[in-house]
Amino acid sequence: MRGTDETSGSLFSYVDLEDRIPAKHPLRKIRQVVNDALTSLDADFEGLYIRFGRPSIAPERLIRASLLQILFSIRSERQLMEQMNYNLLFRWFVGLGIDDQVWVPTVFTKNRDRLLSTEMSRKIMAAILAHREVAPLLSDEHFSVDGTLVKAWASMKSFQPKAEPPEADGPGDDPDDEDPGAPPPSPNPETPATEAKTDPMPRSPRQNRNAEVDFRGEKRSNATHASMTDPEARLYKKSPGTGAMLCFIGHALMENRSGLIVQGELTRADGHAERQAALDMIHRHSPGSTRRLTLGADKGYDAAGFVRDLRRACVTPHVAQKSRHSAIDRRTTRHDGYALSLRHRKRIEEAFGWAKTVGGMAQTMYRGLDRVRSRFILTMAANNLARLPRLLAA
C-alpha cells in the first residue's frame with residue numbers, strides 16, 4: 001500500500017532529545033569527557049564572573065559550542081548559530097533544549113572573546129588530559145615537538161611601509177618657547193582682518209575595491225613593513241625557494257604513546273621561535289622533572305644551543321641529525337630509543353594536518369597574537385577529543 005505524502009504539524013513532542021542520539025555516536029564519549037573536564041574547572045569559571053547583573057551565556061555551553069565548531073569545520077559563529085537552530089545533535093551536545101532559543105551571533109562572539117583566553121584554553125586542554133580515562137593513555141617520559149605555519153587573516157596588499165614617527169621640533173623652532181610666562185602677542189590693528197577661505201572638499205577618483213598591485217622590484221621586510229590588517233603577523237617563508245606569506249608559527253608537544261597533544265603554543269614567525277617554544281613547552285609540561293625525558297624533533301632543531309639547553313634540563317635530545325655540523329653525537333644515536341623516537345615524531349604531522357583541514361587553522365579567521373594562540377590551543381584540544389572514541393574503545 002502506498003503511503004500518503006501529507007504533512008501534519010504536531011503541537012507537542014514526547015520524544016526526549018537524549019533518545020534521538022544513537023547510543024554508539026562518537027560525540028557521546030566526547031561529551032562525557034568534556035563535561036567531566038568542565039566540571040573540574042567550575043572554580044575557575046566562578047572567578048571570571050561577577051555575582052550581579054545580567055547573566056551571560058553559560059561558560060560550559062560556550063566552550064562546548066566552540067569545540068563543536070572546530071570538530072565539524074563550521075566556518076563562522078553565524079553559521080554555527082544557524083545550524084544549532086535546526087540540528088538536534090548540536091543542541092544536545094551544547095546542552096540546549098529543543099525549545100531553547102539560540103543566541104545572537106554577535107552576543108556569542110562577544111562572550112567567547114571574554115572567556116576563551118590563552119590561559120583558559122590551556123586549562124581546558126589540561127583538564128581533558130587529566131580525565132580519569134584519558135590519563136592512562138599518556139606517556140610521561142617520551143615526547144615529540146614540531147611547528148607549523150598558520151596563515152594570518154591578512155593579505156599581502158596590507159603589508160605596507162611602517163609610518164615614520166614625526167620629528168620633534170627643536171627648542172628654538174616655536175616662537176612661543178622664548179618666554180613661557182609672557183602674555184600672548186596682541187594683533188596688529190593696522191593689519192586688516194582677512195576672512196578665512198574655505199576650499200571645496202576634494203573628490204578622490206573612484207578606485208576598485210581590489211586594485212592591482214605590482215610588488216616587483218620592491219624590497220619588503222619585517223623591519224620596514226607591517227601589515228595594516230594584523231600588525232602582529234610577520235612575513236615568513238617555510239623553506240628556501242618557497243613564497244613568503246604573512247603568518248604565525250603554531251607549536252605542539254606530543255606524547256609518543258598515543259600521539260595526543262599535551263601542550264600547544266603559537267608565536268610570531270621567527271627563525272628561532274620553534275626551538276624557544278619547544279623549551280617553554282617541555283618546561284611547562286614537566287616543571288622541575290628529575291626523570292630522564294626524551295624529546296624527538298626534526299633537523300630544524302639540530303642546533304648546539306638547543307641541544308645544550310635540553311641536556312641541562314635532564315632531557316635527552318632525540319633530534320634528527322643534519323648532514324653537516326650536527327650537534328647530536330654517538331652518545332645519543334647509539335641507543336635503540338633514538339631511532340624509535342625519530343619514527344614516532346612524524347605522527348605529530350597528523351595533528352597539524354587535522355587542525356588545518358578540519359579545524360580551520362590553515363588560515364585563521366582571527367586577528368592578533370593572543371586570539372590566534374587561544375584558538376590554536378583549543379584546536380589542539382579538539383584534535384585530542386576527536387581521537388578519544390577510538391583510543392578508549394581499543
Side-chain angles (χ1 to χ4, degrees), residues 13 16-18 21 27-28 30-72 74-132 134 153 230 232 264-266 284 359-360 364-382 384-385:
S13 176
D16 187 14
L17 193 58
E18 183 75 22
I21 311 302
L27 278 184
R28 281 194 174 273
I30 293 176
R31 189 173 187 266
Q32 175 191 344
V33 174
V34 170
N35 287 347
D36 294 341
L38 295 180
T39 301
S40 66
L41 296 175
D42 185 70
D44 296 279
F45 295 146
E46 195 67 27
L48 294 176
Y49 297 89
I50 59 178
R51 297 183 179 275
F52 59 89
R54 188 170 55 183
S56 68
I57 300 176
E60 295 85 356
R61 293 183 176 182
L62 196 148
I63 292 173
R64 291 194 206 102
S66 298
L67 290 172
L68 198 67
Q69 181 183 4
I70 298 173
L71 290 170
F72 285 86
I74 303 174
R75 66 176 181 267
S76 66
E77 285 81 7
R78 189 169 298 275
Q79 189 183 53
L80 175 64
M81 297 301 106
E82 177 186 342
Q83 295 195 21
M84 271 176 41
N85 197 30
Y86 57 76
N87 194 321
L88 297 182
L89 177 66
F90 287 5
R91 283 180 171 268
W92 166 82
F93 184 85
V94 173
L96 292 177
I98 198 170
D99 294 325
D100 292 341
Q101 187 176 4
V102 178
W103 310 294
V104 178
T106 53
V107 175
F108 178 84
T109 302
K110 184 68 69 174
N111 281 262
R112 181 211 62 205
D113 289 341
R114 284 201 298 256
L115 175 67
L116 289 177
S117 60
T118 299
E119 189 64 26
M120 181 55 64
S121 296
R122 285 175 177 162
K123 289 180 179 179
I124 294 171
M125 174 183 281
I128 293 172
L129 296 175
H131 191 270
R132 61 183 181 277
V134 181
W153 191 253
D230 190 350
E232 294 184 292
E265 185 60 88
L266 186 130
R284 190 186 307 128
T364 178
M365 294 185 296
Y366 301 90
R367 297 173 184 172
L369 184 63
D370 292 335
R371 295 182 67 189
V372 180
R373 181 191 292 125
S374 172
R375 191 65 174 188
F376 180 80
I377 297 174
L378 193 66
T379 303
M380 292 292 102
N384 292 340
L385 290 172

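For the single chain, residues carry numbers from 1 onward in sequence order.
- Both cation-pi conditions hold for R31 and W92: the charged atom is under 6.0 angstrom from the six-membered ring centre and inside a 45 degree cone around its axis.
- Evaluated for a side chain to side chain contact (heavy atoms under 4.5 Å, CB included) with Q69, the options Q83, E77, R75 yield exactly one hit, E77.
- Expressed to the nearest 0.5 Å, how far CD1 of I128 lies from CG of L41 amounts to 9.0 Å.
- Taking the side chain as every heavy atom from C-beta outward, V372 and R367 never approach each other to under 4.5 Å.
- Residues meeting the side-chain contact (heavy atoms from CB on, under 4.5 Å) test with Q32, sequence neighbours left out: K29, D36, R132, E133.
- Atoms CD and CD1, on E119 and I124 in that order, are 11.0 Å from each other to the nearest 0.5 Å.
- Atom CG of L71 is separated from atom OG1 of T379 by 9.5 Å, given to the nearest 0.5 angstrom.
- In this structure, M81 and V104 have side chains that are not in contact, with every pair of non-hydrogen atoms separated by 4.5 Å or more.
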**OP:** Quick one: do R112 and R371 satisfy side chain to side chain contact (heavy atoms under 4.5 Å, CB included)? Show the steps, please.
**Re:** CA-CA 11 Å; R112 181 211 62 205; R371 295 182 67 189; 3.0 Å; yes
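- Residues satisfying the side-chain hydrogen bond (donor to acceptor under 3.5 Å, both in side chains) test with N87, not counting sequence neighbours, are none.
- Between V107 and K110 the shortest side-chain heavy-atom distance does not fall below 4.5 Å.
- A 4.5 Å side-chain heavy-atom check between R284 and E265 finds at least one atom pair inside the cut-off.
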**OP:** Take D100 and R91 through the salt bridge (charged side-chain N to carboxylate O under 4.0 Å, His left out) test and state the conclusion after the steps.
**Re:** CA-CA 9 Å; D100 292 341; R91 283 180 171 268; 5.7 Å; no
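- In terms of the salt bridge (charged side-chain N to carboxylate O under 4.0 Å, His left out) criterion, R375 has no residue partners (sequence neighbours excluded).
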Subject >> Stepwise side chain to side chain contact (heavy atoms under 4.5 Å, CB included) check, W103 with L96 >> reply: CA-CA 11 Å; W103 310 294; L96 292 177; 4.0 Å; yes
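- L80 contributes atom CG, which lies 4.5 Å from atom CD1 of I74 (distance to the nearest 0.5 angstrom).
- In this structure, the side chains of F108 and R78 stay at 4.5 Å or more apart for every pair of heavy atoms.
- A donor-acceptor pair shorter than 3.5 Å cannot be found between the side chains of T118 and S374.
- Atom CD1 in I21 sits 4.5 Å away from atom CG in L89 (nearest 0.5 Å).
- Listed by chain and number, the residues in a ring-ring contact (aromatic ring centres under 6.0 Å, His included) with F72 are F90 (sequence neighbours excluded).
- Once rounded to the nearest 0.5 Å, the distance linking CG of L17 with CZ of F93 reads 13.5 Å.
- Using a 4.0 Å cut-off between a side-chain N of Lys or Arg and a carboxylate O of Asp or Glu, E232 and R373 do not qualify as a salt bridge.
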Subject >> side chain to side chain contact (heavy atoms under 4.5 Å, CB included) evaluation trace for M120 with L378 >> reply: CA-CA 9 Å; M120 181 55 64; L378 193 66; over 6 Å; no
Donor-acceptor pairs under 3.5 Å, side chain of residues 56-67 to any protein atom, not counting sequence neighbours: which ones?
from	atom 1	to	atom 2	distance (Å)
R61	NH2	G95	O	3.1
R64	NE	N35	OD1	2.8
R64	NH1	V94	O	2.6
R64	NH2	N35	OD1	3.3
S66	OG	L62	O	3.0

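- A donor-acceptor contact shorter than 3.5 Å is absent between the side chain of D230 and the backbone of W153.
- In this view, R114 satisfies the salt bridge (charged side-chain N to carboxylate O under 4.0 Å, His left out) rule with no residue, not counting sequence neighbours.
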